[in-house]
Protein chains: 4
Amino acid sequence: MAPKSAAAKARSPAPRWQRRADARPEEILEAALAEFDERGFEAARMEDIAKAAGISKAAIYLYFPSKMALLEALIEAKVAPLAAQAQKLAAAGQADPLNALKLFATVAAARMADPKVIAVPRLVIGISGRFPEIAEYYRTHVVAKARGALEKLIETGIANGAMRKVDTAAVVRAFIGPLFFEAMWTHVLKGETALADPQKLIEQQFDVLLHGLEPRA
Amino acid sequence: MAPKSAAAKARSPAPRWQRRADARPEEILEAALAEFDERGFEAARMEDIAKAAGISKAAIYLYFPSKMALLEALIEAKVAPLAAQAQKLAAAGQADPLNALKLFATVAAARMADPKVIAVPRLVIGISGRFPEIAEYYRTHVVAKARGALEKLIETGIANGAMRKVDTAAVVRAFIGPLFFEAMWTHVLKGETALADPQKLIEQQFDVLLHGLEPRA
Amino acid sequence: MAPKSAAAKARSPAPRWQRRADARPEEILEAALAEFDERGFEAARMEDIAKAAGISKAAIYLYFPSKMALLEALIEAKVAPLAAQAQKLAAAGQADPLNALKLFATVAAARMADPKVIAVPRLVIGISGRFPEIAEYYRTHVVAKARGALEKLIETGIANGAMRKVDTAAVVRAFIGPLFFEAMWTHVLKGETALADPQKLIEQQFDVLLHGLEPRA
Amino acid sequence: MAPKSAAAKARSPAPRWQRRADARPEEILEAALAEFDERGFEAARMEDIAKAAGISKAAIYLYFPSKMALLEALIEAKVAPLAAQAQKLAAAGQADPLNALKLFATVAAARMADPKVIAVPRLVIGISGRFPEIAEYYRTHVVAKARGALEKLIETGIANGAMRKVDTAAVVRAFIGPLFFEAMWTHVLKGETALADPQKLIEQQFDVLLHGLEPRA
DNA sequence: TATGAATGAGTCTTCATTCAT
DNA sequence: AATGAATGAAGACTCATTCAT
């Protein structure tokens with residue numbers, strides 16, 4: 001998408017079609033994700049991916065050596081930004097962890113309304129049996145990092161006195177679990193969703209999370 | 001059709017294959033689930049399912065007309081008991097909803113330690129893009145019913161005064177979400193699991209769920 | 001169909017089911033012909049033949065060693081009476097060949113209204129590429145004999161002075177061809193048929209055959 | 001799509017496969033007809049058709065979506081010219097119908113000496129039970145048209161006074177039947193054929209057809 | 001004799017991948 | 001860089017035939 005830097009341009013005088021060519025890999029990956037998401041990895045056909053990307057089947061092989069490579073590149077491409085986000089969250093939220101969590105949750109919920117966003121985790125679930133390395137990659141690079149960032153936040157919150165002394169892992173599950181569950185319910189099972197109003201969803205979820213179920217004294 | 005008389009049984013020890021024939025469909029479904037779980041629906045080979053079931057490829061077709069039918073029968077077979085359980089839960093827990101929930105959660109967590117138990121939901125997630133009817137079937141017959149049963153329980157609890165007046169859907173998510181998330185983390189991503197000690201897991205999860213994150217007054 | 005002769009009965013005391021069993025081969029052949037005719041030899045399934053004959057698939061093999069054997073037995077069974085008829089025709093018609101021909105044609109046309117009657121020739125045509133021996137068998141045992149019988153009749157007629165001096169083979173073709181053609185048109189192509197009124201059909205056909213196309217002087 | 005310019009052609013001698021690609025569908029159909037004719041539709045193997053066409057099994061599917069489609073395309077391709085011929089015959093023969101018929105018959109007989117020519121009708125007969133639509137297609141597009149053209153010719157001949165007042169359908173049968181019968185005898189039953197000398201065959205056939213069997217007054 | 005169960009061998013069809021241009 | 005053509009390998013499904021009872 002982003003045009004080459006000026007420096008790069010200077011080095012290699014870009015022919016007319018170069019710009020488009022540079023975008024090709026990303027276009028292909030996008031098309032691949034769409035097909036994988038709709039049909040599953042095995043049932044997706046290279047032909048269809050090519051068509052969706054607006055090129056010929058054979059052209060895909062100019063950029064990726066195999067269908068498997070497509071999958072791997074896809075995961076990798078989609079994973080990088082998530083990891084970065086987790087870092088940011090952990091760093092930024094240290095001051096007011098509770099508020100950071102809520103803010104983050106609202107943003108996350110809003111993004112999850114977009115079917116494309118859970119496409120990758122859903123895909124990972126689908127292929128994890130066949131390609132455990134990919135599942136592991138996803139675990140270590142995305143989920144574990146996110147859990148870690150959240151745990152750090154919780155710990156800070158507890159140290160702060162902003163939160164009760166609770167099991168951090170449990171809180172992380174209580175934080176991620178409902179969102180993950182609702183996303184699956186919405187996009188996989190096509191159930192009527194609460195994600196349509198993320199603000200409200202998080203409000204209600206945090207009401208439970210913060211104050212608990214017990215009747216107040 | 002009619003079972004042999006006791007006398008006949010005594011004389012001729014029921015033919016080896018006759019005994020097995022009755023069990024065949026279930027054996028096949030079990031084998032199919034295992035293969036589907038390991039390879040995914042598309043990548044699973046009928047030959048392997050047959051081998052796993054101890055019969056020939058062609059023999060599968062004596063019991064199921066197609067691979068797809070195998071999938072459907074599988075889902076159906078695994079779904080029935082779950083729906084029943086949901087009913088039972090809703091009925092049995094009316095007296096002491098909070099306790100019922102906790103009890104149920106502990107049992108559920110314990111069962112989720114078994115990889116076979118999430119095999120079906122995981123499979124459904126994997127094929128939902130390609131076979132939306134199956135996803136819908138699963139939603140209405142399992143997840144919606146479970147949600148319904150839990151919601152009823154929560155409502156009773158609130159009416160009881162055993163719980164604070166909270167959004168029931170949010171509580172259901174807060175209840176199911178963490179378990180579902182942990183199960184996926186464990187069996188799909190092969191992360192180190194908290195499911196190994198279900199008692200403790202639920203203890204911690206309920207500590208958060210009941211009392212909330214906020215420091216007590 | 002025919003019960004065993006008294007002598008045979010005396011030799012082997014027929015159990016209750018024997019009579020039915022004796023009829024089995026014919027029943028099977030009849031069923032086989034029906035299936036072969038409807039689906040073609042290759043596409044016909046032993047299972048369907050069995051069902052049509054009211055027995056189990058395996059039971060067929062008690063009477064015929066293979067599908068191919070079924071075909072051969074079938075042809076043979078259907079061919080025998082035809083050859084006999086040809087003999088009879090040749091013998092019986094010597095006195096008044098022209099009339100014999102016409103009589104024979106009328107009977108033949110009437111029988112050809114029954115789809116079963118062309119089932120065998122049609123089948124032979126269908127498989128002749130794959131089983132030339134069967135085609136040859138049919139040629140020598142049926143068609144050649146019929147042609148021979150007719151030729152003899154024509155020759156007699158010519159010698160008689162009942163007919164003009166014509167090429168006998170040509171007359172035979174002129175005699176059989178139209179009937180054969182109409183039968184195929186009717187039963188294979190499902191065209192509207194003139195076979196419904198055999199009398200009239202032959203009347204018209206013989207009008208042409210006898211008097212020719214040329215305007216009378 | 002656009003053919004190369006003359007200049008381009010001069011420079012690069014049209015790629016070997018491009019030239020062939022255009023001919024492929026016809027080559028395949030030819031191979032298919034040969035196999036269908038020899039083995040029958042069901043028994044013919046796509047692999048063999050491919051081999052006969054000099055390509056791989058999969059390549060057939062680049063041009064035809066299924067074995068059935070191959071059959072349909074085949075029939076269609078072979079039928080078109082025949083229908084055209086019938087039109088021509090009807091039109092051209094109006095002046096001297098009798099002579100036109102004789103001429104046409106001689107040509108037809110000559111062509112029928114080629115086994116390939118009856119391959120299609122023979123195939124249609126073989127599969128008509130299983131695929132009645134094809135039989136119907138053949139009836140309406142070939143046989144009915146031919147019958148129609150011939151009938152028109154006869155009618156003209158009668159009106160002309162060139163022929164006696166006879167039943168036209170009967171004459172058509174008397175015209176087509178013997179040829180059809182001889183072709184089947186020759187190519188299906190492998191009998192010794194009169195088709196080797198078409199001139200003579202038609203001479204003899206027309207002697208009967210024109211003057212009839214009756215001794216002249 | 002009769003059959004339900006089982007299977008080996010085979011066929012159509014698909015598709016990721018390669019090749020010639 | 002790009003693609004139309006081609007294919008090898010694989011998999012679902014079928015069916016004539018056999019077997020155990």
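Everything numeric here is computed off the predicted structure, so don't read it as measured data. Lettering follows sequence order; numbering is per chain, from 1.
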Of all heavy-atom pairs between [X] and [Y], which one has the smallest distance, and what is that distance?
{"X": "B:Lys67", "Y": "B:Ala44", "value": "NZ-O, 2.8 Å"}
{"X": "D:Leu29", "Y": "D:Leu70", "value": "CD2-O, 3.7 Å"}
{"X": "C:Arg39", "Y": "C:Asp48", "value": "NH2-OD2, 3.9 Å"}
{"X": "D:Ala31", "Y": "D:Ala52", "value": "CB-CB, 3.8 Å"}

On the side chain of D:Lys57, is there an atom forming a donor-acceptor pair with the base of F:dT7 - under 3.5 Å, no angle test?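 Such a pair does not exist between side chain and base.
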Test for a donor-acceptor pair under 3.5 Å between the base of F:dT17 and the side chain of C:Lys67, counting only N and O atoms.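 Check fails, no donor-acceptor contact within cut-off.
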For E:dT11, give its Watson-Crick or G-U wobble partner with both distances under 3.5 Å, or none.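 F:dA12 - that is the nucleotide pairing with E:dT11, both distances being under 3.5 Å.
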Under 3.5 Å for both donor-acceptor distances, Watson-Crick or wobble: does F:dA6 have a partner, and if so which one?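 F:dA6 is paired, partner E:dT17.
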Could you state the interatomic distance from CD (C:Glu42) to CG (C:Leu71), rounded to the nearest 0.5 Å?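 Between atom CD of C:Glu42 and atom CG of C:Leu71 there are 9.5 Å.
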Could you tell me how far apart [X] ([atom1]) and [N] ([atom2]) are, to the nearest whole angstrom?
{"X": "D:Lys51", "N": "F:dA6", "atom1": "NZ", "atom2": "P", "result": "18 Å"}
{"X": "B:Leu62", "N": "F:dT14", "atom1": "CG", "atom2": "P", "result": "11 Å"}
{"X": "C:Arg24", "N": "E:dT1", "atom1": "CZ", "atom2": "P", "result": "11 Å"}
{"X": "D:Tyr63", "N": "E:dT14", "atom1": "OH", "atom2": "C1'", "result": "17 Å"}
{"X": "A:Ile60", "N": "F:dG4", "atom1": "CD1", "atom2": "P", "result": "13 Å"}
{"X": "C:Arg45", "N": "F:dC15", "atom1": "CZ", "atom2": "P", "result": "5 Å"}
{"X": "B:Ile28", "N": "E:dA6", "atom1": "CD1", "atom2": "P", "result": "8 Å"}
{"X": "C:Glu47", "N": "E:dA2", "atom1": "CD", "atom2": "P", "result": "17 Å"}

By the 4.0 Å heavy-atom rule, please label D:Ala44 as base, sugar-phosphate, or nothing.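 Here D:Ala44 touches the backbone only, sparing every base.
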Nucleotide of F:dC15, E:dG4, E:dT14 approaching D:Tyr61 most closely (side-chain heavy atoms):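 Nearest listed nucleotide: E:dT14.
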Heavy atoms from C-beta onward define the side chain here; which of F:dG4, F:dT17, F:dT14 lies closest to that of A:Ala58?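 Closest nucleotide to the A:Ala58 side chain: F:dG4.
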5′-ward residue of the pair C:Pro65/D:Ser56 relative to DNA chain F: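 Result: D:Ser56.
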When you match D:Ala59 and B:Ser66 each to their closest nucleotide on DNA chain F, which lands nearer the 5' end?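 The 5'-side residue here is D:Ala59.
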